[in-house]
Number of protein chains: 2
Amino acid sequence: MSNIVNIEYNNLLELFKEILRQNGLKYTKQREILLKCLYNNNDHFTPENLYLHIKSIYPELNLGIATVYRTLNLLEDAGIVTSLSFGAQGKKYELANKPHHDHMICKICGGITEFQNALIEQKQLDIAKEHDFTLTGHLMQLYGICVECSKKGNK
Amino acid sequence: MSNIVNIEYNNLLELFKEILRQNGLKYTKQREILLKCLYNNNDHFTPENLYLHIKSIYPELNLGIATVYRTLNLLEDAGIVTSLSFGAQGKKYELANKPHHDHMICKICGGITEFQNALIEQKQLDIAKEHDFTLTGHLMQLYGICVECSKKGNK
DNA sequence: GTGATTGCAAAGAGTTTGCAAATGC
DNA sequence: GCATTTGCAAACTCTTTGCAATCAC
């Protein structure tokens, strides 16, 4: 457990508290724990995943699923988390301040693999420049079938 | 109205019929009209959009929304249409056989510029291979400010 | 103390499914 | 003729909302 990690978490927490303060909102146990769980589990959560995870670790909190949805929407508006869409199967959330990466999404199990590629990033800049387009962000997702699902057989 | 367009449509229709035949499925009025509407409207449809659109043009068909969902799933499995996800807000569908392209989306005017880049496409294949991921599709969108909006001033 | 937040349950939105009647092959 | 498909309505999944009690400031 490094100090660096804790310093990063404290920065994130301060940012969150500051945003709450500026909007006349309150810092509650539920919001605190939700952010902490997102931070400690470097993963992509569905709202239900997160709800069950927190219920199992903090049963005394008596958390409601509606609070998870409300807090995730709040965090997304604040730019602290980002979401990935899965049609009617909902969304998955992750912290927004992670180093930049893109996603490979398995159509069968819904699993997400992260990747990073400097060449593609560079090429995006080139393309934007060619079109005199001022680039501010991008979204790239690859869809297919992950190793595990491929092994399980071709149905 | 060029013949080329009609030939392309007929090819698509034959492909669809062939897939139906090979799977012991039937070629119905509903399936025919749904494919035709997707083809004639070079656009991204939600299932409901498509349902309302067809109801207004072919009221005598007495189409049910369930048939739209069932047919879109069928067409997606067959690789004839592809979908984009919008969380619990559902999906949008478009024909899969359009020439491949990605999108640059202006945050100010909402304008879309299409582009294509073989190097990025190749790199995506490489990345998938590195992870033993069976690639079936991808989504890439660049966000920023287009030339026109840049010229109009920096707000 | 006052207004924001919570858990709960009910309501909404989007999609799928069971079923009897209709249809394609 | 028989299996597939259809429209309808009900069921299902994911998310949001109304409300009274609770809590942060």
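To find a chain, count down the sequence lines: A is the first, B the second, and so on, and within it residues start at 1. None of the values given here were measured: they were computed from a predicted structure.
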Is any side-chain N or O of [X] closer than 4.0 Å to OP1 or OP2 of [N]?
| X | N | value |
| --- | --- | --- |
| B/Arg31 | D/dT6 | yes |
| B/Thr28 | D/dT6 | yes |
| B/Asn62 | D/dT6 | no |
| A/Asn73 | D/dT15 | no |

What one should report as the nearest heavy-atom pair of B/Tyr93 and B/Pro47 is CE1-CG, 3.8 Å
[X] has a side chain; which of [options] sits nearest to it?
| X | options | result |
| --- | --- | --- |
| A/Tyr69 | C/dT6, D/dT15, C/dG14 | D/dT15 |
| A/Glu48 | D/dC14, C/dG14, C/dT15 | D/dC14 |
| A/Ala66 | C/dC25, C/dA9, C/dT15 | C/dA9 |

[X] has an atom [atom1]; how far is it from atom [atom2] of [N], in whole Å?
| X | N | atom1 | atom2 | answer |
| --- | --- | --- | --- | --- |
| A/Asn49 | D/dT15 | CG | P | 11 Å |
| A/Glu32 | D/dC23 | CD | P | 15 Å |
| B/Gln22 | D/dT4 | CD | P | 16 Å |
| B/Gln30 | C/dA22 | CD | P | 14 Å |
| B/Leu72 | C/dT16 | CG | P | 10 Å |
| A/Lys17 | D/dC25 | NZ | P | 9 Å |
| B/Leu34 | D/dT6 | CG | P | 10 Å |
| A/Ile54 | C/dG7 | CD1 | C1' | 14 Å |

Any side-chain to backbone donor/acceptor pair from B/Arg31 onto B/Lys26? Under 3.5 Å, distance only. yes
Quiz item: Has the side chain of A/Arg70 got a donor or acceptor that lies under 3.5 Å from a partner of the other kind on the base of C/dG7?
Solution: yes
_So for A/Lys26 and C/dG3, does any side-chain atom that can act as donor or acceptor lie under 3.5 Å from a complementary atom in the base?_
yes
Rounded to the nearest 0.5 angstrom, the CD-CE distance for A/Glu121 and A/Met140 is 7.5 Å
d(A/Ile65 CD1, A/Glu48 CD) to nearest 0.5 Å is 5.5 Å
Of B/Thr28, B/Leu50, B/Leu34, the one forming a side chain to side chain contact (heavy atoms under 4.5 Å, CB included) with B/Thr71 is B/Leu34
By nearest-nucleotide position on DNA chain C, the 5'-leaning member of B/Tyr27 and B/Gly90 is B/Gly90
*Using a 4.0 Å heavy-atom cut-off across all strands, classify B/Ile65 as base, sugar-phosphate, or nothing.*
nothing
| request: Identify whether any heavy atom of A/Lys29 sits under 4.0 Å from a base atom; if not, whether one sits that close to sugar-phosphate; answer base, sugar-phosphate or nothing. | output: nothing
